[in-house]
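Letters go in sequence order (proteins before strands), and every chain restarts at 1.
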2 protein chains.
Amino acid sequence: MKSKITLKKIAKEFDVSISTVSKALKDSHEISEEVKEKIQAFAKYYHYKPNSLALNLRNQKTKTIGVIIPQIVHHFFTKVISGIEQVANKNGYNVMICMSMDSYEKEVLNMDMLANGVVDGIIVSVAKETEEKENYSHFRDLIYNGIPLVMFDRVIDEIKCSKVLTNDLDGGYLATKHLINIGCKRIAILTTPDFVTVGNLRLEGYKNALENSLIPFDEDLVLKIDEDKNIEEQIKTLFSLKEPPDGIFGVNEIYAAYAMKYARKQGYDVPEDISILGFTDGLISQFSTPTLSTVAQHGNTMGQKAVELLLNEIEYQDTDYQHQTKVVETDLILRESTKKL
Amino acid sequence: MKSKITLKKIAKEFDVSISTVSKALKDSHEISEEVKEKIQAFAKYYHYKPNSLALNLRNQKTKTIGVIIPQIVHHFFTKVISGIEQVANKNGYNVMICMSMDSYEKEVLNMDMLANGVVDGIIVSVAKETEEKENYSHFRDLIYNGIPLVMFDRVIDEIKCSKVLTNDLDGGYLATKHLINIGCKRIAILTTPDFVTVGNLRLEGYKNALENSLIPFDEDLVLKIDEDKNIEEQIKTLFSLKEPPDGIFGVNEIYAAYAMKYARKQGYDVPEDISILGFTDGLISQFSTPTLSTVAQHGNTMGQKAVELLLNEIEYQDTDYQHQTKVVETDLILRESTKKL
DNA sequence: TATCAACACGAAAACGTTTTCGTTTCATTT
DNA sequence: AAATGAAACGAAAACGTTTTCGTGTTGATA
């Protein structure tokens, strides 16, 4: 293979100095027209492009932002990424996406690699395992090293940085309240294990709504899904209660879709016998039968806001910039899986 | 903010040379235990990490591979990326993901930025607009500059590089043949505009299957979806034919899902009145009602193979490495949207 | 006492770029 | 003739790292 063309090689070709070549390619007035022309022609012919590494090293910035997300197969995250791309590109920044696969180790590895000159700042949604282990030293290191950090969706309270989050508490409340309003008496919730904070917040919202409507909280109606086990089997227990639920709130669309599938298989009519409400407005919600009512999360907006906050921090690095927390509200999208009012 | 700690700063701190610090941190025998200890302790205390840019510049490699995909919201691409991540990480490589948004300009922009020292090689699935414009000079430039390139799924025949593709021809054949086997007489196909090669290949497979079963090809049953317009409206025309179809093959799961939704809304029973078959085994297929039979594409495998090919090229860059093309076969996954045999 | 080896460290090049600050040459002005 | 100025280019530092090749000091050996 032919190795890449550099300033040095061009300089050698014309027996001039490297600085002359650099200036010639920048059309500097310091260089004679004659020399400029031949150098520019040569560079063009050989498709010369300045080496980004060298440029970044010199400029001490990369015009790239790093994003670490737990999973890319989740519709919500792809929406966030789209939002990130939009705003980043508009501001002349590139985006580098890494996946932690919800693993603590991979999260640390990715951060280490991004932190050392590769990007100007990092946007992250914390891996489940990290939340579980509560080991946050890699975030502290990052901040210590002066690299701007913004967390979104799955954030950590103890870490001081800008954050963008869904109003999960309110979303949970909204969902549950609506189920109550349409007449559900026994509302179950399908949520995540305790250590997943967003799941917990939605559960809190659920409890608040019950309390607000003077409906007693029933522990039996709370199902914490273990994703390593068969999900359908776990949902089954809900339907074999003496008093099975007449409304189900799933803290994500997968759980809701599973619940709906199982209910219909058992002969329930959705929404007549049981109403089902999900969280996150993904493809499943739109294409399931019946279509799924859901709490929309506006991932796109979250991504955009995250970049805005990050770029602020990147630019005001020297001044004592105050970290901000933006809360993105949720919306109820009513479709066919819930009874009409 | 405190700026990052470097070898130079450590050297200054102890009044030694940079090389001494570098060696000390590498535990070189050239440095006395005493000096090594204090330098290592200091470095650890200040969380020293070598700057990747500097390292990459020196080593002339980044241990990073770039991936350019048209869209991240497609389930198939997320599967491919997962496969890429797996193999890349196993081999000590990082992955940088960029989106072209199916735009020619963004594809070129991303390639330019990746090409200049940022990554050791690039994996790409071509943007729709690029296929339409047939402007491939950016790929030629890349190869000319000696940067290994692997294309997957949406590939370009004229560009000489390694490729990983789905057996779209066979997949189209398989799907259509199955619809014929279960007794469909009038099989429609929902495909993409002409310039999308994968759509075209699946259409070819469809034609082959018809021919093989001596069923005359009917132009009216071929619907080329324009995604800028209302998809449901376009599907409508199919059902208002004098002889509407009794089987539909959608070249992706979205088209199939739309068709199924529309058919059921018109009172058709799926699969009794009409059988529907999709392409790509995504979430929609699994959660729709009825669940969607489909041609599975094995995105994960494709991603893995793409990385394997790329790493080969990166390592054998000097020798005259022969480009390879790997074809990944498809599988028929039969669910509820097609009649049983 | 001269020689040699081991030890502990420093200088400098290299990766590719930009930019500041010379330096040379030649022509013009006083 | 001396001074000034512009034009055209080069040298070198800087970004942060690694590594090869010195070099000076010590201690031991012949």
Scoring nucleotides 8-17 of chain D by protein non-hydrogen atoms under 4.0 Å (B base, S sugar-phosphate only, - none) yields BBBBB-BBBB
Expressed in angstrom and rounded to an integer, what is the separation of B:Asp27 atom CG from D:dT18 atom C1'?
->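 Result: 16 Å.
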Can you tell me if [X] and [Y] form a side-chain donor-acceptor pair at under 3.5 Å?
{"X": "A:Asn135", "Y": "A:Ser137", "result": "yes"}
{"X": "B:Asn145", "Y": "A:Lys49", "result": "no"}
{"X": "A:Asn91", "Y": "A:Glu308", "result": "no"}

I'd like a table of donor-acceptor pairs (distance under 3.5 Å, sequence neighbours excluded) in which one partner is a side-chain atom from residues 298-306 of chain B, with atom names and distances.
{"from": "B:His298", "atom 1": "NE2", "to": "B:Asp331", "atom 2": "OD2", "distance (Å)": "2.8"}
{"from": "B:Gln304", "atom 1": "NE2", "to": "B:Gln86", "atom 2": "OE1", "distance (Å)": "2.8"}

Between A:Lys133 and A:Glu129, is there a side-chain N and carboxylate O pair less than 4.0 Å apart?
-> yes
